[in-house]
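Data first, discussion second: the structure below is written as structure tokens.
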Amino acid sequence: MSQMSRLITDVIKESLQKVVKEQYGNLFEELLFTVEPTRDKAHGDFASNIAFLLSKKARKSPREIANHIVSILNQSIGHIATIEIAGGGFINFFLKDQIIYSFMQDIYQEKDEYGSVQVGNNEKMQVEFVSVNPTGPLHVGHGKCAAFGDALARVLKKAGFTVEKEYYINDAGRQIDLLGLTLECRYKQLFGEEIEIPEGGYKGDYMIDIAQDLKKEKGDTLLSLSKEEKTEIFNSYAVSKILQSIQKDLSDFQVNFDVWFSEKTLYQNHEVEKALNQLIKQGFTYEKDGALWLKTQQWGDDKDRVLVRENGSPTYFASDIAYHFNKWQRGFERVIDIWGADHHGYIPRMKAAVNALGLKKDFLEIFIVQFVTLLRNGQPERMSTRQGEFVPLRNLIDEVGVDVARYYFLMRDPATHLEFDIEQAKKTSMDNPVYYVQYAYARISSVFREMEKKNLSNKDIERKYESFHNEQEKLLAKNLIYFPEVVKRSALARQPYMICNYVTDLAGSFHTFYNNNRILDEDNLELTAFRLNLCRATRQVLKNALDLLGISAPETM
RNA sequence: GCGCCUGUAGCUCAAUGGACAGAGCCGCGGACUUCGGAUCCGAAGGUUGGGGGUUCAACUCCCUCCAGGCGCGCCA
């Protein structure tokens, strides 16, 4: 059932390649020409720039070359009705209507598989994201990272990559000690001790809740433990409680990870030590001021970086190096790290480290997610983790819902600053594209409910192509067959927002079609069948696209 | 000071180096006794922050300047 329909752009490309190889021989070498969907339908359904690129090498005008190519190509591509030359030398391809219709029919055969393309060659890939320290609840900025990483992984899977989603838990180091000390303090306060939260500790009220849970479970038995025992139990209790709440938030947000990777295990398994030893052995390190440094400047960093502090404890950077080496050892051919914007200064050293480890150059891709500003009626809401004032992701979900929150996070390039207006997001209008899209889905579902009421059987749907009845039908059908091309582009660009743009546009062409054409007509079963067919295919593509975004497709709203 | 991100219609944003820079919102004017009006149709709206350069072709690439955001720890 998962027969993957070939991309039409590939079909055209191959035909062009064949002709040009024959006609221009070696001039064809390394010719990076394109065949892509046109923006303006007056220019056909697909267009190629091949004649422009060839003209320099062949020393002929683009139009001349285009003419030559087209004269040979002529009608040899089965999918194409006509080929035109336009502008300075574009070659424009117009699809046969039957082909558009038959591709549309295939959608229903492929069902949930439709849109799958094979550009990843099953390359084993990892997407690591969120990876927030388990020292407090997720806020909206983390939500943006979560939505992006999750949707990206879905798109990559659809494009034929073998993808794992991973969350790296920073459960070792000083921050965790501070967290444990904070809990210890809150715990003691519950027994009447008058003590202050330690310097740099976590002041949020959630630590009091955790202390109360701990008191319920253990009573006062922890007060008398030794210092080592206390550290152990307070640290691990705090981490596990907070991690649980993070996991709950994420799964409610439709984000699920394949692997939760613990930093602590890197130390327990001596992987940090091993990674450091390897770097030392290869001569990429030196000692200065009592610390161990990595020569990251060698690979373009501003300055060299400390691996082991003067006091002998490894830096976060050191365990991160071990972590990335571990990823490599697990057989990933490529890993994608998604970081918040405050970490962007960290990129050069991490890339340098990957080089020092001798891993292949494009092994590590890093994407930076810019911050979110929450607006309420145009006024910004303050957010600062340091002050302990942040808007928890949980609150946003409760207020606008998962679908809306995810869509808003996903609809833009994550590298840009996002202004998220809460009041606007709650509106049920085109202010809010997610409803626009879901409405199209619900409408189609409603048409099928109506179909059953009128006893128009599903069998009537299975009709052969006659012809499209108007441009609105045809435009909708064309948009449906572009979906796999969009998946391909979105995956290669690592940009899920392209799916948002696509699905909004698709919903638009459906609404246009719907408002201008009667679908169910008992006096014209042929027409009814044809249009139901179109609706059925549209519903499937809306569903598949929304799935890539992790957004629900409701039958009623 | 250095580095990264951003700058497109009044607002929010599109446009793998390609054709006349496109949508939505706001504002204005309209729509079928019938399948969901959370919809549709129409007109209006631009020196793509400024200036150079590369190219057959630049919003896109390079240089420079301007504006906004973020980062420049033996913190994470």
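Chain letters run A, B, ... following the sequence lines, proteins first, then strands; residues in each count from 1.
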If you assign each of A:I347 and A:F371 to its closest nucleotide in RNA chain B, which residue comes earlier from the 5' end? A:I347
What is the base-pairing partner of B:rC56, counting Watson-Crick and G-U wobble geometry with both distances under 3.5 Å? B:rG18
Against the side chain of A:I519, the closest entry in B:rC35, B:rG68, B:rU12 is B:rC35
Counting only side-chain N and O atoms of A:K303, is one of them less than 4.0 Å from OP1 or OP2 of B:rC72? no
Where A:L152 and A:R494 come nearest, the two heavy atoms and their spacing: CD1-CA, 3.6 Å
Rounded to whole angstrom, note down the C1' distance from B:rU55 over to B:rC72. 37 Å
Which residue, A:L53 or A:N501, contacts RNA chain B at a nucleotide closer to its 5' end, judged by nearest heavy atom? A:N501
Any side-chain N or O of A:Y346 under 4.0 Å from OP1/OP2 of B:rG3? no
Backbone of A:P554 reached by a side-chain donor or acceptor of A:S552 within 3.5 Å: no
Whom does B:rG45 pair with, Watson-Crick or G-U wobble, provided both distances fall under 3.5 Å? none
Just compare B:rG37, B:rC74, B:rA14 and give me whichever is closest to any side-chain atom of A:Y439. B:rG37
Check whether any side-chain nitrogen or oxygen of A:T512 sits under 4.0 Å from OP1 or OP2 of B:rC41, and answer yes or no. yes
For A:F46, the option from A:Y482, A:F93, A:F94 that meets ring pair (Phe, Tyr, Trp, His ring centres under 6.0 Å): A:Y482
Looking only at side-chain N and O atoms, does A:Y435 come under 4.0 Å of OP1 or OP2 in B:rA38? no
Protein-nucleotide distance (A:E64, atom CD; B:rC56, atom C1'), rounded to Å: 14 Å
When you get a sec, tell me which of B:rG68, B:rC75, B:rA19 is the closest nucleotide to the side chain of A:A86? B:rA19
Within the structure, does a side-chain N or O atom of A:Y436 lie under 4.0 Å from either OP1 or OP2 of B:rC40? yes
By the 4.0 Å heavy-atom rule, please label A:S313 as base, sugar-phosphate, or nothing. nothing
Sugar-phosphate only, base, or nothing, as touched by A:T416 at under 4.0 Å among non-hydrogen atoms: sugar-phosphate
Over all strands shown, is A:A341 touching base, sugar-phosphate only, or nothing at heavy-atom distances under 4.0 angstrom? sugar-phosphate
Just call it for A:D304: base, sugar-phosphate, or nothing, with non-hydrogen atoms closer than 4.0 Å on any strand. nothing
For the pair A:Y323 and A:F261, name the ring-plane relationship: parallel under 30°, tilted 30 to 60°, perpendicular over 60°. tilted
From the options B:rC56, B:rA76, B:rA19, select the nucleotide whose nearest atom is closest to the side chain of A:K56. B:rC56
Would you classify A:N133 as touching base, sugar-phosphate or nothing, given that sugar-phosphate means primed atoms plus P, OP1 and OP2, and contacts are heavy atoms under 4.0 Å? sugar-phosphate
Base, sugar-phosphate alone, or nothing: which one does A:Y514 contact when heavy atoms must sit under 4.0 Å apart? base
Does A:R443 count as lying over the ring of A:F510, i.e. NZ or CZ under 6.0 Å from the six-ring centre, within 45 degrees of the axis? no
Selection from B:rC5, B:rU39, B:rA19 that lies nearest to any side-chain heavy atom of A:R443: B:rU39
Would you indicate what A:N517 reaches in the nucleic acid, counting non-hydrogen atoms under 4.0 angstrom: base, sugar-phosphate, or nothing? base
Sugar-phosphate only, base, or nothing, as touched by A:A442 at under 4.0 Å among non-hydrogen atoms: base
Options B:rC75, B:rU39, B:rC74, nucleotide nearest the side-chain atoms of A:Q175: B:rC75
Counting the atoms with a prime plus P, OP1 and OP2 as sugar-phosphate, which does A:E555 contact under 4.0 Å by heavy atoms, base, sugar-phosphate, or nothing? base
Checking B:rC40, B:rA19, B:rC56 against the side chain of A:F52 (C-beta onward), the nearest is B:rC56
Any donor-acceptor N/O pair, A:Y407 side chain to A:L549 backbone, under 3.5 Å: no
Are A:R39 and B:rA23 close enough that a side-chain N or O sits under 4.0 Å from OP1 or OP2? no
Quick one: is B:rC75 close enough that its OP1 or OP2 comes under 4.0 Å of any side-chain N or O from A:R309? yes
Can you confirm whether A:V372 sits close enough to A:F409 that some side-chain heavy atom of one is under 4.5 Å from a side-chain heavy atom of the other? yes
Would you say A:F90 stacks on B:rA19, if stacking means ring centres under 5.5 Å apart and planes within less than 30 degrees? yes
